[in-house]
Amino acid sequence: MKVIEGIAYADAPAAPLKVAGVRPLGGHRLWVRFTTGETRVFDFTPLLSTPAFAPLIDEKVFSAIGIDYGVPVWNDGEVDISPDTLYRQGVPCGNH
């Protein structure tokens, strides 16, 4: 925040977090590179019991991941997950 002539202004909003790269790993885990350059590993296992992510139980479906406008997607966009979730719940890792 900054104050100019007695008026408080909010700083410019941060750019939304997006996924720049993703690679499926064994055991329903994802290696994710964000637009910030950071990388994390996200374990999908706890989410597979929810109806929204049930199609991803099949490793073949899980491995068919894509990125649509910075968001990881499966089944032509029928299933997706927020980059923020991947970032907050992912474990930081090396850039491999």
Side-chain angles (χ1 to χ4, degrees):
M1 181 179 80
K2 59 186 166 216
V3 178
I4 301 174
E5 297 180 13
I7 300 172
Y9 295 91
D11 289 333
L17 186 63
K18 293 184 179 182
V19 171
V22 66
R23 180 174 55 221
L25 304 172
H28 287 95
R29 294 177 304 131
L30 290 176
W31 174 90
V32 184
R33 180 182 304 279
F34 297 91
T35 51
T36 61
E38 297 171 84
T39 59
R40 300 197 178 227
V41 172
F42 181 83
D43 184 0
F44 236 96
T45 307
L47 298 177
L48 296 176
S49 62
T50 64
F53 296 111
L56 304 182
I57 291 172
D58 181 342
E59 287 266 359
K60 190 173 182 180
V61 174
F62 183 78
S63 294
I65 189 170
I67 300 172
D68 191 10
Y69 298 100
V71 176
V73 297
W74 294 265
N75 290 346
D76 293 324
E78 290 179 12
V79 179
D80 65 23
I81 188 163
S82 161
D84 291 326
T85 299
L86 295 174
Y87 186 84
R88 283 192 319 272
Q89 297 178 17
V91 177
C93 67
N95 296 335
H96 43 48

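As the structure is a computational prediction, the values presented were derived from the model and not from experiment.
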Original post:
Do V61 and F42 share a hydrophobic cluster (ILVMFWY, side-chain heavy atoms under 4.5 Å, transitive)?
Top reply: yes
**OP:** Kindly give the cluster partners of Y69, where membership spreads through any ILVMFWY side chain lying under 4.5 Å from a current member.
**Re:** none
**OP:** Mind listing the closest non-hydrogen atom pair of P83 and F34 along with its distance?
**Re:** O-CE2, 3.5 Å
Original post:
What are the two closest heavy atoms between H28 and L56, and how far apart are they?
Top reply: NE2-O, 3.0 Å
Subject >> L86 and P72, any side-chain heavy atoms less than 4.5 Å apart >> reply: yes
**OP:** Hey, could you give me each pair passing side-chain hydrogen bond (donor to acceptor under 3.5 Å, both in side chains) that has a residue in residues 72-94? Not counting sequence neighbours.
**Re:** E38-Y87, R40-Y87
Original post:
When hydrophobic residues are tied together by side-chain contacts of less than 4.5 Å, even through go-betweens, does L25 share a cluster with F62?
Top reply: no
Subject >> Under 4.5 Å side-chain linkage, directly or through intermediates, the cluster mates of V91 >> reply: none
**OP:** Write out all pairs satisfying side-chain hydrogen bond (donor to acceptor under 3.5 Å, both in side chains) with one or both partners inside residues 45-56, taking only residues at least two apart or from two chains.
**Re:** D43-T45
Original post:
Can you hop from L47 to V79 via hydrophobic side chains spaced under 4.5 Å?
Top reply: yes
Original post:
Any link between L30 and L17 through a network of hydrophobic side chains (Ile, Leu, Val, Met, Phe, Trp, Tyr) touching at under 4.5 Å?
Top reply: yes
Subject >> Any residue meeting side chain to side chain contact (heavy atoms under 4.5 Å, CB included) with I67, in chain and number order, not counting sequence neighbours >> reply: V19, V22
Original post:
Going only through I, L, V, M, F, W and Y residues with side-chain contacts under 4.5 Å, is there a path from I65 to F53?
Top reply: yes
Original post:
Which pairs count as salt bridge (charged side-chain N to carboxylate O under 4.0 Å, His left out) when at least one residue sits in residues 56-70, sequence neighbours excluded?
Top reply: none
